[in-house]
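Accompanying notes for the structure given below.
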Amino acid sequence: MNLDSKIPDGPLAEKWTKHKFNMKLVNPANKRKYEVIVVGTGLAGASAAASLAELGYNVKAFCFQDSPRRAHSIAAQGGINAAKNYQNDGDSVFRLFYDTIKGGDYRSREANVYRLAEVSVNIIDQCVAQGVPFAREYGGLLDNRSFGGAQVSRTFYARGQTGQQLLLGAYSALNRQIANGKVKMYTRSEMLDLVLVGGKARGIITRDLITGKIESHSGHAVLLCTGGYGNVFFLSTNAKGSNVTAAWRAHKKGAYFANPCFTQIHPTCIPVSGSHQSKLTLMSESLRNDGRVWVPKTAIKGLKAKDAVSIPEADRDYFLERKYPSFGNLVPRDVASRNAKYMCDEGRGVGSGLAVFLDFADAIKRDGKKTIEAKYGNLFDMYQQITGDNPYEMPMMIYPAVHYTMGGLWVDYNLMTSVPGLYALGEANFSDHGANRLGASALMQGLADGYFVIPYTLGDYLATMPYEKVSTDRPEFKEAIEAVNNRISKLLSTRGKKTVDEFHRELGLLMWDYCGMSRTEEGLKKAKSRIQELRKEFWENVNVLGGGNELNMELEKAGRVADFMELGELMVDDALNRPESCGGHFREESQTPEGEAKRMDDEYSFVAGWEYTGDGKPENLIKEPLIFENVKLTQRSYK
Amino acid sequence: MKITLKVWRQKNNQDKGRFATYPIEDVSTDMSFLEMFDVLNESLVKKGEDPIAFDHDCREGICGMCSMYINGRPHGPLQTTTCQLHMRSFKDGETITVEPWRASSFPVIKDLVVDRTSFERIQQAGGFVSVNTGGVPDANEIPIPKRIADVASIQQRVLDVEHVWPPARMLQLCYL
Ligand SMILES: Cc1cc2nc3c(=O)[nH]c(=O)nc-3n(C[C@H](O)[C@H](O)[C@H](O)COP(=O)(O)OP(=O)(O)OC[C@H]3O[C@@H](n4cnc5c(N)ncnc54)[C@H](O)[C@@H]3O)c2cc1C
Ligand code: FES
């Protein structure tokens, strides 16, 4: 099997326009004859569901929370990129494309990324028309900031709540279609399997989380907009419910999983405070625009933030400014994270030893407390609430945490997975960020996929499909239901000694230690065998109380953790299989003399697509070569 | 620190429900309120008792999913969400009462989980913005004074219920 990316011919800048013209159309009167299943109603799913319904398709949408507006997207703080060049500082579609390809360390597709940059401008127009209250300048025009290592100001933001405001926009568009009767919304519903009929995605199996009822839904196409899998690490900045289940079940039904080991560790999170820790809180990256990162020049054990204030300048090491004079504190996330780890490995970490300072004293002196408060007030408040420290008076303490997953279901240029009729949008796919995502590009990608790509590309597929619906009485649905029921009974009947969280924590620690910020062959091999043992133990010794026909949150968690275990092993395989370093994937064996990630372009310039071959069997690796015609591959350097 | 939790337990919508008391030792002041519940739930599972169902997701104070009624106040003593409340806000030895949100429009589903879909219906009744995807003007075509944009972007929290509705965008659109 080959992975055909279906990238259109022609010059980069014309591909999307030409492709839009060449795609088949569904006659407006016929659109209502098609039913589209959208799983997930975060930014990607809500924008897709609303836009498809506006076009006339019938949509069934699903989410596991009690409302679409709770989706993890709501937590995005910093902002959303777009190549508007409102600031006249030299931005352009090509520059955003170039930065994204380079930032992804040359492991993403040129054509997809160019399209993303191209439609980015439409997203901002769309959101403003919906009333999203982006920050403005005194003249009334939109304000921008530079974000996450970009050398132009192209990030649009709504205080520190950009994701919330964008999601409320998409949610409002979705609600309009729900009210119109074009979208039927199923909340507190979890997709537990994908159903194929004749090799095509034709439906899903869900569990009503309140009654426990297992239900079948059929449609002409299925869109997975189910977010990322960062919670495989147990501790991450993701919402507690974020999970891989929908994508993983689709993987087991034939959808290839691409680059699973490409995960992003975010440098500015609140450090772990104890073993009770249930999740990590991100402090927006925008803080690095004004905050300076440092540790003491010589180790001071258990240094507290309040005592840091009296440490003289000469005894501080602003390590990012020292090592990367031109980017300073704004180096990309992976570089900032790894360097914080190095400082802590050297023993110069502060607080518990696993933290560095992020200091605003100079910014407050320069711009005044009021200005800083206007920019970051809510983040400072949140920090104080969680830690009890006041960042206006003393530095914050930060440490890296798992934040985003670049890997995901493999999709072609049309966002279709390797299963015909199954699409993946938003963080659930692997498409645009290569081995590392730039700040403020996930929101952009989710909304690009949902508002501006899928409404075109889905029509091209549906135009080839008969109108007839498939019945959920078919054996394919019955079999899937039976498999789902069996799995649930197995989880409920094991009645072992360990809780789901105990397994999840153990898995998370293995992943963090061996498949986290830096990876070695030896460590990965160790992790692989430990994960296999853990998985075996899980099915023999997990304790899930309660029944299947009621609200049972332990059961929900158990199903997700079981999938995370299988995914974790695939992530380790993928990391083992890529001995180069690139972006967030740092293999200690492959570094430049300066200790930076060293790629091996001749051998590893490909997308790793993994094919499921059966329970407990090794997965098949299928490579999609990456071809660069418009950018020159260079070693990333932020000196 | 040590605390005693008095928690509302209700198997389902039909069940009458009752308070159950759980003494908890070794509570760290750095724990969030929900982490304290995680620890309690884990110990209940270990004892073979049903864990307490409660809603939560982001644990960052933004999604509005967490919803406890603590010591007679929604989200407890601070002006914040339950997930952002930390144990340092309570005294050693304190008894803390936790209930679901009781209101006829929010029927209890189980324990501390209530059904808030009535909120969905408010916006679906017409509280949305009627623009289709595509075909909209350039974002900078209509300037909006910073003053209006700032007011609109102040986080909307109605703590008595949850994070609510987007009056922000309404305000901005009224200006348009
Ligand atoms: C703290 C934080 C801050 C961030 N800040 C930024 C930022 O400033 N800028 C930026 O660009 N990006 C940011 N990101 C990343 C960005 O928020 C996410 O990548 C993006 O919002 C993902 O959107 P999505 O629509 O793909 O998925 P999500 O918003 O995660 O939505 C997933 C949806 O799928 C549903 N779902 C999942 N599984 C199932 C299932 N099995 N059955 C049914 N439904 C299911 C969920 O209910 C939900 O509706 C941030 C991320 C975090 C964690
Ligand atoms: S869990 Fe999201 S606001 Fe509390």
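Chain A is the first sequence line, chain B the second, and so forth, proteins listed ahead of strands; every chain is numbered from 1. Values reported hereafter were calculated over all heavy atoms of this structure, with side chains retained and with hydrogens, waters and symmetry mates removed.
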Sub-4.5 Å side-chain heavy-atom contact between [X] and [Y]:
{"X": "Val131(B)", "Y": "Gln126(A)", "answer": "yes"}
{"X": "Ile178(A)", "Y": "Phe128(B)", "answer": "no"}
{"X": "Gln277(A)", "Y": "Asp38(B)", "answer": "no"}
{"X": "Arg188(A)", "Y": "Ile109(B)", "answer": "yes"}
{"X": "His276(A)", "Y": "Met36(B)", "answer": "no"}
{"X": "Leu545(A)", "Y": "Lys47(B)", "answer": "no"}
{"X": "Leu78(B)", "Y": "Gln385(A)", "answer": "yes"}
{"X": "Pro51(B)", "Y": "Met553(A)", "answer": "no"}

With a 4.5 angstrom heavy-atom cut-off, which part of [X] approaches chain A: side chain, backbone, both or neither?
{"X": "Arg88(B)", "result": "side chain"}
{"X": "Glu49(B)", "result": "backbone"}
{"X": "Pro137(B)", "result": "backbone"}
{"X": "Val27(B)", "result": "neither"}
{"X": "Ser89(B)", "result": "neither"}

Any donor-acceptor pair under 3.5 Å from [X] side chain to [Y] backbone:
{"X": "Lys498(A)", "Y": "Lys46(B)", "value": "no"}
{"X": "Asn140(B)", "Y": "Leu142(A)", "value": "yes"}
{"X": "Ser172(A)", "Y": "Val129(B)", "value": "yes"}

Is it true that, when you exclude Tyr22(B) itself, more than 12 heavy atoms of the residues, nucleotides or ligands shown sit nearer than 6.0 Å to its OH?
yes
For Tyr383(A), all residues meeting ring pair (Phe, Tyr, Trp, His ring centres under 6.0 Å), sequence neighbours excluded:
none
Glu35(B)/Lys279(A) ion pair, N-O < 4.0 Å
no
